[in-house]
Amino acid sequence: MSDTLLRGRLLTFHQEPVGPDDTDAYSYIEDGAVLIRDSMIVASGNYDEVAATSNGAKITDHRPHLLMAGFIDTHIHFPQVQIVASWGSQLLDWLNGYTFPAEAEYANAQHARAMAGRFCDLLTDHGTTTAVAFCSVHASSAEALFSEAQDRNMRMIAGKTMMDRNAPDAILETAQMGYDDSKALIAKWHGRGRASYAITPRFAITSTPEQLEMSGALANEHPDCYIQTHLSENHDEIAYTATLYPDARDYLDVYESNGLLGPRTLLGHAIHLKDREIGAMADTGAHPVFCPTSNLFLGSGLFDDAGLRARGIQSGIATDIGAGTSYSMLQTLNEGYKILQLQDQKLHTLRAFHWITRGNAEVLGMADKIGTLDAGTEADIVVINARATAAMDVRMDRAESLSDELFVVQMMGDDRAIAQTYVAGVPQKKETT
Ligand code: GUN
Ligand code: ZN
């Protein structure tokens with residue numbers, strides 16, 4: 001296949017910006033280019049310089065749009081695509097009333113396959129090129145998602161949910177089944193192409209102590225797999241967990257005592273935390289994941305970003321579809337900004353865009369592969385149109401700086417602002433602008 005040269009305004013991060021004036025943290029090039037060969041970025045920088053090295057490349061001119069690394073969503077539920085925006089309840093009622101019945105439908109492999117296609121389309125339509133996904137309890141749902149991602153050469157971290165109590169029978173397994181099915185999926189998918197496996201005990205309430213122990217055994221046997229679960233999202237959830245695990249020091253201890261904490265552990269929500277839990281996260285390198293639209297939708301609470309950062313903890317940020325209400329990482333930043341405003345914390349837009357690209361890649365230990373436009377990384381790229389809607393267009397007439405423009409995109413943008421998404425160098429959206 002011939003090389004592809006993308007031309008546009010180029011923005012990529014080298015580290016987390018400490019503020020608006022931290023120009024060392026990123027590169028911004030007015031007339032930039034990215035050269036793609038065999039799904040990889042082989043050069044990026046000034047258009048003239050990159051073009052000079054690109055013999056016979058097919059050129060796509062995206063000017064005046066911005067080229068940026070594809071967005072990374074570090075917590076999303078694949079079998080919840082059809083229950084986004086389901087009215088009226090907080091976490092535990094929402095799970096029982098909407099989520100569990102919807103996930104039961106994924107016992108049907110045909111349904112799972114159909115939804116996997118829709119799910120991946122939605123991700124790339126919104127500029128997301130890597131996701132960390134919960135599947136349903138059925139191994140076939142993970143098969144469906146990994147196969148779909150493989151067909152698109154899309155980076156996907158996923159796992160079948162493990163759950164052996166406190167849910168309808170149709171989505172329960174035994175602890176041994178959860179272990180065996182996960183083990184077989186790891187053998188088949190982990191490290192195959194762009195797939196990675198996440199060991200996925202759903203949360204303390206839906207796993208017996210025996211299942212969490214077996215999850216810990218799996219993690220011990222496969223230390224390069226990820227681990228994903230939920231932590232301290234809602235007060236009723238925390239109280240119920242305490243009754244199910246009376247000997248645990250706190251909620252996090254339920255996972256910690258089973259060997260489930262480490263730098264590859266992602267803890268969705270992590271809102272209502274005790275000091276000891278924060279210390280344990282810092283000590284083990286586990287990552288909380290901020291899910292702004294979900295936390296607002298379910299009325300769960302306000303994520304203390306600054307408090308966790310002050311303890312040296314690096315958090316991910318994510319949509320948490322389907323309690324989250326938007327697939328857009330831009331809308332996720334929009335609501336995240338407001339949650340931090342409510343606590344008098346500031347999310348500067350440069351830090352925000354770093355977070356959904358390189359920052360989330362760092363959380364996954366993958367900054368050498370995704371999250372930047374650096375040569376040698378995978379060609380997952382978004383093309384952003386800061387004037388995508390009439391409201392953005394009129395606002396942009398007064399944008400005075402890169403930060404100003406990015407903030408407009410962060411607060412007002414969604415899938416309409418994604419002019420194109422490249423996955424491993426291949427455009428995913430039908431209309432190219
Ligand atoms: N806790 C356990 N399962 C879930 C889920 O599916 N969504 C959210 N938001 N929280 C959970
Ligand atoms: Zn979740």
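All values reported here derive from a predicted model rather than from experimental measurement. Note that ligands are numbered from 1 as they come in the structure, with each ligand's atoms numbered from 1 the same way.
Regarding atom 3 (N) of ligand 1, its nearest protein heavy-atom neighbour is Arg202 NE, 2.8 Å. In terms of protein heavy-atom proximity, atom 10 (N) of ligand 1 is nearest to Glu233 OE1, 2.7 Å. Closest to atom 7 (N) of ligand 1, if we only count protein heavy atoms, is Trp94 CZ3, 3.5 Å.
Taking every heavy atom of His77 and a limit of under 4.0 angstrom, the matching atoms of ligand 1 come to 5 (C), 6 (O), 7 (N). Those atoms of ligand 1 that come under 4.0 Å of a heavy atom in Leu91, given as number and element, are 8 (C), 10 (N), 11 (C). Each of the following atoms of ligand 1 lies closer than 4.0 Å to a heavy atom of Ala323: 9 (N). Within ligand 1, the atoms closer than 4.0 Å to a non-hydrogen atom of Asp320 are 8 (C), 9 (N), numbered from 1 in the order shown. Annotation for ligand 1: atoms under 4.0 Å from non-hydrogen atoms of Phe203 are 1 (N), 2 (C). The contact set between ligand 1 and Gln80, taken as ligand atoms under 4.0 Å from a residue heavy atom, comprises 5 (C), 6 (O).
Neither the backbone nor the side chain of Tyr98 comes within 4.0 Å of ligand 1, counting heavy atoms alone. Proximity of Ile205 to ligand 1, defined as any heavy-atom pair under 4.0 Å, is not found for any part of the residue. At a 4.0 Å heavy-atom cut-off, ligand 1 touches His269 through the side chain alone.
With salt bridges taken as basic N to acidic carboxylate O contacts below 4.0 Å, none links Lys274 and Glu277. Between Arg155 and Glu378 there is a salt bridge, since a side-chain N of the basic residue sits under 4.0 Å from a carboxylate O of the acidic one. Comment: Glu148 does not engage Arg118 in a salt bridge, judged by the lack of any side-chain N to carboxylate O separation of less than 4.0 angstrom.
If you check each of Glu103, Met163, His230 against atom 1 (N) of ligand 1, the one with the closest non-hydrogen atom is His230.
Here's the thing with Glu237: none of its N/O atoms is less than 3.5 angstrom from an N/O atom of ligand 1.
Look at Phe134 and you'll find every heavy atom at least 4.0 Å from all atoms of ligand 1.
Around the CZ atom of Arg311, the shell of radius 6.0 Å holds more than 12 heavy atoms that belong to other residues, nucleotides or ligands. Around CD of Glu213, the count of heavy atoms belonging to other residues, nucleotides or ligands within 6.0 Å does not exceed 12.
For Tyr251 and His272, the distance between ring centers is not under 6.0 angstrom. Ring centers of His111 and Tyr106: under 6.0 Å apart, within the cut-off.
Checking Ser27 against His14 by side-chain atom types alone, a donor-acceptor pair falls below 3.5 Å.
Of the candidates Glu143, Glu103, Glu173, Lys160 forms a salt bridge (Lys or Arg N to Asp or Glu O under 4.0 Å) with just one, namely Glu173. With respect to Asp380, the side-chain contact (heavy atoms from CB on, under 4.5 Å) criterion is satisfied by exactly one of Thr124, Thr128, Ile370: Ile370.
In this pair, His230 and His269 present their aromatic rings parallel. The plane angle is below 30°, not in the 30 to 60° band. Ring geometry, Tyr327 versus His126: the interplanar angle falls from 30° to 60°, so the pair is classed tilted.
Only protein N, O or S atoms were scored, and 4 of them lie under 2.8 Å from the Zn ion (ligand 2).
A cation-pi arrangement is absent between Arg358 and Phe13, since the terminal nitrogen or guanidinium carbon is not both under 6.0 Å from the aromatic centre and inside a 45° cone about the axis.
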